[in-house]
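Encoded as structure tokens, the structure appears first; notes follow it.
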Amino acid sequence: MGDKFPIFVLIGMATKNLVIVESPAKARTIERFLGNDFLVKSSFGHVMDLSESDIGVDIENGFIPQYKVAKDKKNVVADLKKIASEAETIWLATDEDREGEAISWHLVNALELDEQAVKRIVFHEITKTAITEAISAPRSIDRNLVNAQTARRVLDRLVGYELSPLLWKKVKPALSAGRVQSVAVRLIVEREDEIKNFETTSSYRVTAKFFPEGKEDAVVSAELPKRFQTKEEAKSFLEKCTGAEFRVSAIEKKPAKKSPAPPFTTSTLQQEASRKLGFPVAYTMRIAQQLYESGYITYMRTDSVNLSNMALSMAKETITKNWGADYVKTRKYRTSAKGAQEAHEAIRPTFINNETIESDKPAMKLYELIWKRTIASQMADARLEKTNVTIDISGQQEKFMAKGEVVTFDGFLKVYIEGSDERKDENGNGLMLPPLTNGDQLFSKSIMATQRFTQHPLRYTEASLVKKMEELGIGRPSTYAPTISTIQKREYVKKNDRPALEREYARLTLAGGQISEKTETEKVGGDKGKLIPTDLGTVVNSFLMQYFKDIIDYNFTADVEKEFDRIANGQKVWNEMLENFYGPFHDKIKDTQETSKKFSGEKLLGQDPKTGKNVYVKIGKYGPMVQLGDTSTEEKPRFAGLNKDQSINDITLEDALALFSFPKPLGDYEGKEIIVALGKFGPYVKHNNAFFALEKTDDPSGITRERAIELIEAKREEEKNRIIREFEENKDVRVLRGRYGPYISIGKKNFKIPKGTDPESLTLEDCIKISEDPKNEPKKRRSKKS
DNA sequence: CAGTGAGCGAGCTTCCGCTTGACTT
């Protein structure tokens, strides 16, 4: 068809059938399955939402939501509206869950469709059969389900938009609270409390290495089930072992099996990618999106472990081909997650016979992980033989135990083993045992009593937090990653490292008839990239715990979900449910607003020995700070912000007082005063209106004039080295070495140097010329908003 | 890029869930 008759072509091609789905990638796939009479378009998710600038709900008149076409969906809606007006039949094929039903309903409204004429269809997997079946069984929009979504949406809005302003007033501006994020923060704060309050105790664990008579190379690793509380007890046990006889008194063999983990959901994919590949959850999702859009995997935001029949048979075929029929075990998994809506399949390769794909490295790795997990989920159980050997000690009650484990059939273990969040188990004793018979005498190589300490619960990683959230039923596959970003953006929690501390422990060894004692050191408590609450997070959590415990109750979401289900079933009226919730909630908001004081987490640290004034630490308008003196007195108190590595929790009076000593003069240099001060970006030295940041290892309180001069000179030297070209005629124009390579600086503007140009040989004229080419203009930074 | 914090008040901030780009570094 030529360009001659564009209008004719448009009318002539007007589609009979318009199908609307949520995702454009899905639209492309489905279009292939349907004939020429079908045009498949995407809504790009929700098209309508409440306004952002106000509450957007008519609370007085039955909580009616004031929906508007979302700003970034104006074009989508206009486009769809045009096509819809030309189509004979509209098929709404959004996901089969609460949100999907609402999207369909919003489409009816936004596109001004006839609700009676519209055909609502659903499918859980994207296969030709599933889609043809769906087309043959259309239904109408389920208004109960839509109402359940409305209740969900309005409840979240009311909670978020009434709690947040209360925080602005009582704690600090621009904070936020919500049904999901506030619970996520609570989990992290409470975990940190558990760690802080954890009392470490130690006991002595006894392990031994034996060998059977005449087989000195064979090792039987055994452990005493009992632990000794004191070193004396442990020692006396070892003494009794000196010269004792060891004999096998029982051998118990029992078969065991291990089963594979179910296929990936969003949450388990995030966990495994974190454990095995070290990906943060947002990164995992970005790579997964890339794989999905390239057609390599199914949809990546899902809470379902279900696989389509087509996938099951593809898996079976692949496993048979690679390892034989013995390795096949077709399994149908059921979702156990709270509140799962299962609108999609599990995350799996689109073509399971493709073991690898060609892409960039992270995508290939993630694909491989998905492939292995999917394949393993359809493989046979691993069979093991576990052996427990009891070893008697002559003249003693205690018995050693040796545990052996032998894989008799590897099954799914050939492909994949699920990772774990737990600490590595140090009881690696005896995976393989030499052949033994009852009554065999054993000889000890060594018996060791090692002091072991109880360990505090582990801090959350992004992924283990997602796991916990899923268990509690808070958040959805599409929101896990964004929620984790939000609580970090609000500075409620930070991904931080905690340095490991050295700890001494005792070890008693019995070998060659002698007991020796040694003190060893181990590193403990170190943590990398774990989620740690900030002072702000801790204080906001205390506020919410004090006044809104029911909202951040771990069961709140699960409870309201039950109500939403009843609305979806038509057993409950949606706005009555909201009325019941909102009445008491809003009263509590009003009451707290009026009666509670500022909530700053204020703590009295003590008195300044020089002035006798009180020293406080608390959250201020700009974050954690210390205060010297009282606000009630005539003389204004002094304030100072905490350093980045200090916390309200554990700052000492001494540290607090040191903060008031800034800005501090250090003497003169080149006739100008040097001062050291604490700034927004950390401690710095100021001299002649220039700033010199302190290094990490510098203690701001202990900085001397000499050290300050060193810093000044070092920076001057560095500055000098940055200059590639300078021009006498025009001091404004310079060629500099930057973080990303050489560039031209003119006044305050920077310009790129075109490829292939040697920066060393640029003349002033060259520079001016380059700066005039719009190609080399500095790129405008996108505004932070949106 | 480099001081602020009480209180007064203007005007700003904020939720969860569904989707993909724009934009850099």
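Just so it is clear, the structure is predicted and the values come from calculations on it, not from any experiment. Residue numbers begin at 1 in each chain, while the letters A, B, ... track the order of the sequences.
Here A/Trp168 packs flat against the base of B/dT13; its ring centre is closer than 5.5 angstrom to the base's six-membered ring, tilted by less than 30 degrees.
The side chain of A/Tyr161 sits closest to B/dT14 out of B/dT14, B/dA2, B/dT19. When distances are taken from the side chain of A/Ala174 to each of B/dT13, B/dC15, B/dA6, the shortest belongs to B/dT13. Nearest nucleotide to the A/Pro165 side chain, out of B/dT4, B/dT14, B/dG17: B/dT14. Across B/dT19, B/dC18, B/dC15, the shortest atom-to-atom separation from the side chain of A/Pro24 is found for B/dT19. Closest to the A/Tyr684 side chain, of the nucleotides B/dC18, B/dC15, B/dA2, is B/dA2. For A/Thr631, taking side-chain heavy atoms from C-beta onward, the closest of the listed nucleotides B/dA2, B/dC18, B/dA6 is B/dA6. Closest to the side chain of A/Lys636, out of B/dA6, B/dT19, B/dT14, is B/dA6. Across B/dC15, B/dG21, B/dG5, the shortest atom-to-atom separation from the side chain of A/Lys621 is found for B/dG5. Among the nucleotides B/dC16, B/dA2, B/dT19, the one closest to any side-chain atom of A/Asp156 is B/dC16. When the nucleotides B/dC15, B/dT20, B/dC18 are ranked by their closest atom to the side chain of A/His46, B/dC18 comes out on top.
Shown here is A/Lys170, whose NZ atom has more than 12 heavy atoms of other residues, nucleotides or ligands within 6.0 Å. Crowding of A/Glu491 atom CD: a count of heavy atoms from other residues, nucleotides or ligands under 6.0 Å not exceeding 12. Counted within 6.0 Å of CG on A/Asp54, heavy atoms from surrounding residues, nucleotides or ligands total more than 12; the atom is thus considered enclosed. Annotation: A/Lys644, atom NZ; neighbour count of heavy atoms from other residues, nucleotides and ligands within 6.0 Å does not exceed 12.
Note on ring orientation: taking the six-membered ring where Trp is involved, the planes of A/His46 and A/His106 are tilted (angle from 30° to 60°). The aromatic rings of A/Phe581 and A/Phe585 lie parallel to each other, with less than 30° between the two planes, well short of the 60° mark.
In terms of phosphate contacts, A/Ser478 brings a side-chain nitrogen or oxygen within less than 4.0 Å of OP1 or OP2 of B/dC18. The side chain of A/Ser23 contributes no N or O atom lying less than 4.0 Å from OP1 or OP2 of B/dT19. Considering only side-chain N and O atoms, A/Arg179 lies under 4.0 angstrom from the phosphate OP1 or OP2 of B/dG17. In terms of phosphate contacts, A/Tyr480 brings no side-chain nitrogen or oxygen within less than 4.0 Å of OP1 or OP2 of B/dG17. Checking the phosphate oxygens (OP1, OP2) of B/dC15, no side-chain nitrogen or oxygen of A/Ser164 falls inside 4.0 Å.
Relative to the six-membered ring of A/Tyr554, A/Arg186 meets both conditions, a distance below 6.0 Å and an angle of at most 45° to the axis.
Note on A/Arg490: only backbone sugar-phosphate atoms sit closer than 4.0 angstrom, heavy atoms only; bases stay farther off. Heavy atoms of A/Val180 sit under 4.0 angstrom from primed sugar atoms or phosphate atoms, though from no base atom. When heavy atoms are screened at a 4.0 angstrom cut-off, A/Glu162 is found touching no nucleic acid atom at all. Using a 4.0 Å heavy-atom cutoff across all strands shown, A/Gly178 reaches sugar-phosphate atoms only and no base atom. Within 4.0 Å (heavy atoms only), A/Gly623 reaches at least one base atom of the nucleic acid. Within 4.0 Å (heavy atoms only), A/Phe662 reaches no atom of the nucleic acid at all. Among the atoms of the strands shown, none is found under 4.0 Å from any heavy atom of A/Leu50. Note on A/Ala177: only backbone sugar-phosphate atoms sit closer than 4.0 angstrom, heavy atoms only; bases stay farther off. At the heavy-atom level, A/Gly682 lies under 4.0 Å from base atoms of the strands shown. Using a 4.0 Å heavy-atom cutoff across all strands shown, A/Asp72 reaches no nucleic acid atom at all. Counting non-hydrogen atoms under 4.0 angstrom, A/Ser53 reaches a base of the nucleic acid.
Under a 4.0 Å N-O distance rule, the pair A/Arg716/A/Glu719 does not qualify as a salt bridge. A/Lys588 has no carboxylate O lying under 4.0 Å from a charged side-chain N of A/Glu162, or vice versa, which leaves the two without a salt bridge. Between A/Arg476 and A/Glu99 there is no salt bridge, since no side-chain nitrogen of the basic residue lies less than 4.0 Å from a carboxylate oxygen of the acidic one.
Between A/Gln181 and A/Pro477, the residue anchored closer to the 5' end of DNA chain B is A/Gln181, taking for each the nucleotide with the nearest heavy atom. In terms of position along DNA chain B, the nucleotide closest to A/Gly641 lies nearer the 5' end than the nucleotide closest to the other residue of the pair A/Gly641 and A/Gly100.
Distance A/Arg153 CZ to B/dC15 P: 10 Å, rounded to the nearest Å. Taking atom CG of residue A/Asp630 and atom P of nucleotide B/dG5, one finds them 17 Å apart after rounding to whole Å. One interatomic measurement links the two molecules: OH of A/Tyr616 to P of B/dA6, which rounds to 15 Å at whole-angstrom precision. Atom CZ in A/Arg301 sits about 14 Å away from atom C1' in B/dC16, given to the nearest Å. What separates CZ of A/Arg157 from P of B/dT14 is a distance of 12 Å, to the nearest Å. If you take CD of A/Gln627 and C1' of B/dA6, they are 8 Å apart, rounded to a whole angstrom. As rounded to whole Å, 19 Å separates atom P of B/dT14 from atom CZ of A/Phe548. B/dA2 atom P lies 19 Å from atom CG of A/Leu711, rounded to whole Å.
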Secondary-structure notation, DNA chain B, from Watson-Crick and G-U pairs under 3.5 angstrom (| other strand): .........................
Pair A/Thr150-A/Val154, side chain to side chain contact (heavy atoms under 4.5 Å, CB included): steps then yes or no: CA-CA 6 Å; A/Thr150 309; A/Val154 171; 4.1 Å; yes
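Residue-to-nucleotide contacts include a donor-acceptor pair under 3.5 Å from the side chain of A/Arg152 to the base of B/dC16.
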